[in-house]
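In what follows, every heavy atom counts, from backbone to side chain, and hydrogens, waters and symmetry copies are set aside. By convention in this document, chain letters (A, B, ...) are assigned in the order of the sequence lines, proteins followed by strands, and residues within each chain are numbered from 1.
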2 protein chains.
Amino acid sequence: MTPQVNENRTDVIDLENKIRSANLRPTRQRISLAKLLFSEGNRHITAEKLHGEALGKGVKISLATIYNNLHQFTTAGLLREVVVDASKSYFDTNVEPHHHFFHEDRGLLEDISSHRLTVDDIPNLPEGTEISSIDVIVRLTKRK
Amino acid sequence: MTPQVNENRTDVIDLENKIRSANLRPTRQRISLAKLLFSEGNRHITAEKLHGEALGKGVKISLATIYNNLHQFTTAGLLREVVVDASKSYFDTNVEPHHHFFHEDRGLLEDISSHRLTVDDIPNLPEGTEISSIDVIVRLTKRK
DNA sequence: CAACAGATTAGAACACTTCTAAAGAAGAAA
DNA sequence: TTTCTTCTTTAGAAGTGTTCTAATCTGTTG
Ligand SMILES: [Mn+2]
Ligand SMILES: [Mn+2]
Ligand SMILES: [Zn+2]
Ligand SMILES: [Zn+2]
């Protein structure tokens with residue numbers, strides 16, 4: 001199955017370029033993380049979960065490296081951080097402006113396109129400030 | 001100045017009733033906290049800041065008691081918890097539905113009435129869920 | 001290759017929060 | 001009032017997610 005192999009090769013090269021475009025060296029650890037984060041659809045994931053996933057797939061990587069890279073990817077605009085829980089950070093591979101459903105019971109995030117949900121009538125901003133972002137979280141529980 | 005004294009007496013009695021209405025005993029610590037939290041306008045405050053404030057006013061109270069009571073007040077509907085920072089919790093004395101400006105540099109919250117800011121076109125909810133709350137955070141930075 | 005800057009790592013440290021279990025205080029009953 | 005019960009407070013230990021440290025390792029450039 002050469003096509004399979006070629007596809008994988010190409011994928012890795014794309015990921016390496018993505019990493020290089022952030023001025024970062026494509027190390028074994030970064031490539032593995034990029035594969036987990038970016039190779040299929042959008043993800044919302046915490047550092048510890050990602051670490052567990054990596055170890056589960058046999059990728060040897062320390063938790064410090066997970067944090068280092070999540071922050072570096074975030075700084076480079078490859079990820080964004082979503083604040084929904086006062087005790088842990090979620091990283092989002094969708095960096096377009098958008099909003100979220102948050103399933104409180106499962107600790108799970110789901111995107112809401114900002115074309116669908118809109119925020120209206122934002123009041124005048126306090127003097128000397130500008131908007132850095134607008135976050136809408138629709139918190140969900142099980143229907144009773 | 002008897003009026004002063006009477007006013008204070010009445011305030012404390014109101015606070016004691018507020019505490020009793022939550023099925024909690026009006027202890028010295030609870031009355032002091034209620035005074036700090038509820039006696040002038042709406043507040044957004046963290047546990048450690050409130051602890052510092054109490055100590056600063058000579059109220060002897062442990063941090064554990066601050067946390068215990070913030071949670072008890074929240075459960076009783078006297079406070080709500082606002083998630084804006086992945087590393088600490090803010091408690092809000094305004095329990096009406098409303099939204100927030102968050103001054104990221106100063107770690108400071110400011111209310112936006114939900115009459116002024118509205119969220120439109122919330123998409124259909126995922127199967128089997130219902131909305132528990134909708135939080136809008138308008139994050140602000142210093143204007144450059 | 002050599003040389004260097006950047007990256008990874010284990011484990012310590014940190015900040016915030018929760019837990020534990022013992023002592024203290026409030027309210028009800030008598 | 002005194003007694004009894006239940007609730008509350010507390011110091012400090014423990015827990016949790018995250019960041020730091022400083023030694024080692026690896027990618028890149030010449
Ligand atoms: Mn962070
Ligand atoms: Mn809490
Ligand atoms: Zn998202
Ligand atoms: Zn508020």
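Distance, B:Leu24 CG to D:dC7 P: 11 Å, rounded to whole Å. Between the C1' atom of D:dG17 and the OH atom of A:Tyr90 lies a distance of 12 Å, rounded to the nearest Å. C:dG27 atom P lies 10 Å from atom CZ of B:Arg30, rounded to whole Å. For the pair B:Arg20 CZ and C:dA26 P, the interatomic distance rounds to 11 Å; values are reported in whole Å. In this entry the distance linking CD of A:Gln29 with P of C:dG6 reads 17 Å, nearest Å. Distance, A:Arg25 CZ to D:dT26 C1': 8 Å, rounded to whole Å. The distance from atom CG of A:Leu63 to atom P of D:dT21 is 17 Å, rounded to the nearest whole Å. C:dT9 atom C1' lies 14 Å from atom CD of A:Gln72, rounded to whole Å.
Between B:Glu48 and B:Thr27, the one whose closest nucleotide on DNA chain C sits nearer the 5' end is B:Glu48. Comparing B:Ala64 and B:Pro26 against DNA chain C, the residue whose closest nucleotide sits nearer the 5' end is B:Ala64. Nearer the 5' end of DNA chain D, as judged by each residue's closest nucleotide, is the contact made by B:Asn68, out of B:Asn68 and B:Ala86.
If you run side chain to side chain contact (heavy atoms under 4.5 Å, CB included) between B:Glu53 and each of B:Leu33, B:Ile45, B:Leu37, only B:Ile45 comes through.
Between B:Ser89 and C:dC16 there is no side-chain polar atom (N or O) within less than 4.0 angstrom of OP1 or OP2. Within the structure, a side-chain polar atom (N or O) of B:Arg28 is placed less than 4.0 Å from OP1 or OP2 of D:dT10. For A:Tyr67, a side-chain nitrogen or oxygen approaches OP1 or OP2 of D:dT18 to under 4.0 Å. Between A:His71 and D:dT19 there is a side-chain polar atom (N or O) within less than 4.0 angstrom of OP1 or OP2. At the phosphate of C:dC16, neither OP1 nor OP2 sits under 4.0 Å from any side-chain N or O atom of A:Ser87.
Across all strands shown, A:Lys60 has heavy atoms under 4.0 Å from sugar-phosphate atoms exclusively, and none from any base. Nucleic acid contact class of B:Asn69 (heavy atoms, under 4.0 Å, all strands): sugar-phosphate only. Among the heavy atoms of the strands lying under 4.0 Å from B:Thr65 is at least one base atom, whether or not backbone atoms are also near.
In this structure, a donor-acceptor pair under 3.5 Å is present between the side chains of A:His44 and A:Asp111. Using modelled atom types, one finds no donor on one side chain facing an acceptor on the other under 3.5 Å when comparing B:His100 with B:Asp135.
Out of C:dC16, C:dA10, D:dG17, the shortest distance to the side chain of A:Lys88 is found at D:dG17.
Ion pairing between a basic and an acidic side chain is recognised when a charged N comes within 4.0 Å of a carboxylate O; A:Lys35 and A:Glu40 show no such pairing.
In this structure, B:His98 and B:His115 have side chains that are not in contact, with every pair of non-hydrogen atoms separated by 4.5 Å or more.
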